[in-house]
Amino acid sequence: MLKIGLTGGIASGKSTVAKMISNYHIPIIDADKIARQVVEPGEPVFCQIIETFGEDLILPDGNLNRKKLGDMIFNNKEKRETLNQMIHPKIGEIMMRKVKEYEESHEKSVVLDIPLLFESKLTHLVDKILLVYVNDDLQTKRLMERNHLTLEEAKSRITSQLPLFKKKAMSDYIIDNSGSREETQKQVHDVLKLWRIL
């Protein structure tokens with residue numbers, strides 16, 4: 001079974017590409033979804049986070065204040081690494097369990113949708129890496145529009161990740177998502193054909 005790592009940068013359009021791939025009935029394991037599950041109240045990771053970063057991260061309904069935690073770690077490399085060490089191994093473990101299930105049901109391929117594939121050092125989980133790419137200016141513009149951020153806030157979020165041009169050099173195939181939806185769709189179709197999934 002071919003394991004494809006789908007990655008990109010914040011606001012590069014990775015979710016759009018994931019949706020296009022899922023339209024071909026290819027199973028997708030979403031790291032973000034799993035990340036939300038592992039920080040639910042009562043989960044070991046949730047308890048670790050509260051112990052490490054403080055009880056004021058608990059919302060009145062008992063859930064984790066993800067926005068507050070995000071703000072806390074975005075500009076603090078040390079705290080970000082501490083959090084990643086708590087979350088990433090658990091995400092990797094659950095993803096591999098799901099991969100095994102798809103393998104047992106004889107799927108031809110599976111996509112591991114991991115936004116921080118390189119940053120989390122999870123490239124060993126996949127056979128091929130598919131990167132969704134846009135240039136810096138477009139990435140900044142899209143992020144500002146999507147999240148209602150100032151230029152400074154958007155830049156700060158983008159620089160907290162590995163630059164897309166560096167990810168490009170480490171990927172097996174690049175989907176340039178700077179153009180129209182149709183152009184992106186064609187590239188998705190081309191790579192799935194190239195890798196003999198279609």
Side-chain angles (χ1 to χ4, degrees), residues 4-20 28-36 38-39 45 48-50 52-54 56-57 64-92 95 111-126 128-179 181 183-184 187-188:
I4 299 164
L6 174 66
T7 195
I10 191 166
S12 64
K14 185 185 57 59
S15 304
T16 303
V17 169
K19 198 159 175 23
M20 288 174 178
I28 294 187
I29 302 169
D30 185 337
D32 271 352
K33 249 186 214 156
I34 295 169
R36 283 194 286 277
V38 302
V39 297
V45 176
Q48 260 184 304
I49 290 170
I50 301 307
T52 310
F53 297 105
D56 55 342
L57 284 174
L64 181 69
N65 189 334
R66 291 163 58 87
K67 189 189 181 312
K68 194 170 183 177
L69 180 62
D71 292 343
M72 190 187 281
I73 64 158
F74 256 120
N75 297 309
N76 188 318
K77 193 167 185 281
E78 207 175 295
K79 283 184 177 175
R80 193 162 66 238
E81 278 172 5
T82 302
L83 180 69
N84 288 345
Q85 279 159 14
M86 293 175 191
I87 293 180
H88 292 157
K90 191 68 187 157
I91 293 172
M95 288 192 107
V111 172
L112 282 73
D113 180 346
I114 310 177
L116 300 175
L117 180 68
F118 296 108
E119 293 89 337
S120 315
K121 300 182 173 47
L122 292 174
T123 52
H124 63 282
L125 300 182
V126 299
K128 297 268 190 196
I129 296 171
L130 182 59
L131 175 76
V132 184
Y133 175 85
V134 286
N135 63 46
D136 291 352
D137 294 343
L138 193 53
Q139 187 182 18
T140 308
K141 181 175 175 283
R142 283 182 182 170
L143 183 58
M144 284 168 73
E145 283 169 7
R146 190 187 78 184
N147 292 25
H148 312 293
L149 301 176
T150 64
L151 179 62
E152 201 176 297
E153 287 168 333
K155 290 244 180 253
S156 150
R157 304 223 162 182
I158 289 166
T159 54
S160 76
Q161 298 183 349
L162 193 66
L164 277 171
F165 75 87
K166 282 194 177 169
K167 293 183 180 185
K168 244 178 148 173
M170 299 185 280
S171 301
D172 296 295
Y173 196 96
I174 311 331
I175 287 184
D176 187 339
N177 190 33
S178 309
R181 201 181 168 83
E183 286 166 332
T184 300
Q187 293 173 76
V188 169

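Computed over heavy atoms, backbone and side chain alike; hydrogens, waters and symmetry mates excluded. The model shown is predicted, which means the values in this text are computed figures rather than measured ones.
The side-chain heavy atoms of L164 and V134, taken from C-beta on, include a pair separated by under 4.5 Å. Considering only heavy atoms from C-beta on, L69 stays 4.5 Å or farther from R66 through its side chain. Considering only heavy atoms from C-beta on, V38 stays 4.5 Å or farther from M86 through its side chain. Using a 4.5 Å heavy-atom threshold, the side chains of V39 and I49 count as touching. For the pair F118/T123, a side-chain contact is recorded, criterion being any heavy-atom separation below 4.5 Å from C-beta on. V17 is listed as a side-chain neighbour of T184, based on a closest heavy-atom distance under 4.5 Å. When side chains are defined from C-beta on, S120 does not count as touching N84, because their heavy atoms never get closer than 4.5 Å. Between L83 and F53 there is a side-chain heavy-atom pair separated by less than 4.5 Å.
In this structure, CG on L112 lies 8.0 Å from CD1 on I34, to the nearest 0.5 angstrom. If you take CG on N65 and CG on L57, they are separated by 6.5 Å, rounding to the nearest 0.5 Å. Here T140 contributes atom OG1 and E153 contributes atom CD; the two are 13.0 Å apart, rounded to the nearest 0.5 Å. One finds the CD1 atom of I28 at 7.0 Å from the CG atom of L6 (value rounded to the nearest 0.5 Å). Distance check, rounded to the nearest 0.5 Å: CD of E81 to NE2 of H88 gives 10.5 Å.
Remark: side-chain polar atoms of T7 are paired, donor with acceptor, to backbone N or O of I114 under 3.5 angstrom. T159 contributes a side-chain N or O that, together with a main-chain N or O of S156, makes up a donor-acceptor pair within less than 3.5 Å. Side-chain atoms of Q139 never come within 3.5 Å of backbone atoms of G9 as a donor-acceptor pair (strictly under, hydrogens ignored). A donor-acceptor pair is defined here as one N or O able to donate and one able to accept, closer than 3.5 Å; such a pair exists between the side chain of K167 and the backbone of G8. Not a single donor-acceptor pair under 3.5 Å links the side chain of S171 to the backbone N or O of I174. Side-chain N or O atoms of Q161 include none that pairs as donor or acceptor with a backbone N or O of R157 at under 3.5 Å.
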Run the numbers on D32 and R36 for salt bridge (Lys or Arg N to Asp or Glu O under 4.0 Å), then give the verdict.
-> CA-CA 6 Å; D32 271 352; R36 283 194 286 277; 5.1 Å; no
Applying side-chain contact (heavy atoms from CB on, under 4.5 Å), run through L143 and L149 and close with a yes or a no.
-> CA-CA 7 Å; L143 183 58; L149 301 176; 3.9 Å; yes
For V188 and I175, run side-chain contact (heavy atoms from CB on, under 4.5 Å): C-alpha distance rounded to whole Å, both residues' side-chain angles, the deciding distance at 0.1 Å, then the answer.
-> CA-CA 7 Å; V188 169; I175 287 184; 3.6 Å; yes
Run the side-chain contact (heavy atoms from CB on, under 4.5 Å) check on K155 and D136 step by step: do they pass?
-> CA-CA 9 Å; K155 290 244 180 253; D136 291 352; 5.7 Å; no
Please step through side-chain contact (heavy atoms from CB on, under 4.5 Å) for the pair D176 and V132, ending with a clear verdict.
-> CA-CA 6 Å; D176 187 339; V132 184; over 6 Å; no
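Closest approach of I87 to V45, counting heavy atoms only: CG1-CG1, 3.8 Å. Shown here for N135 and L138, the closest heavy-atom pair between the two residues is OD1-N, 2.8 Å. Nearest heavy-atom pair, D30 versus M95, reported as atom, atom and distance to 0.1 Å: C-CE, 4.4 Å. Scanning both residues, N76 and K79, for their nearest heavy atoms gives OD1-N, 3.0 Å. Between E119 and L162, the shortest heavy-atom contact is OE2-N, 2.9 Å. Smallest separation of non-hydrogen atoms from R142 and N177: NH2-O, 3.0 Å.
By the 6.0 Å and 45° rule, K168 stacks over the aromatic ring of Y133.
Using a 4.0 Å cut-off between charged side-chain N and carboxylate O, K68 and D56 make a salt bridge. By the 4.0 Å N-to-carboxylate-O rule, K141 lies too far from D137 to be salt-bridged with it.
With a 6.0 Å radius and a threshold of 12 heavy atoms from other residues, nucleotides or ligands, R181 has its CZ atom at or below the threshold.
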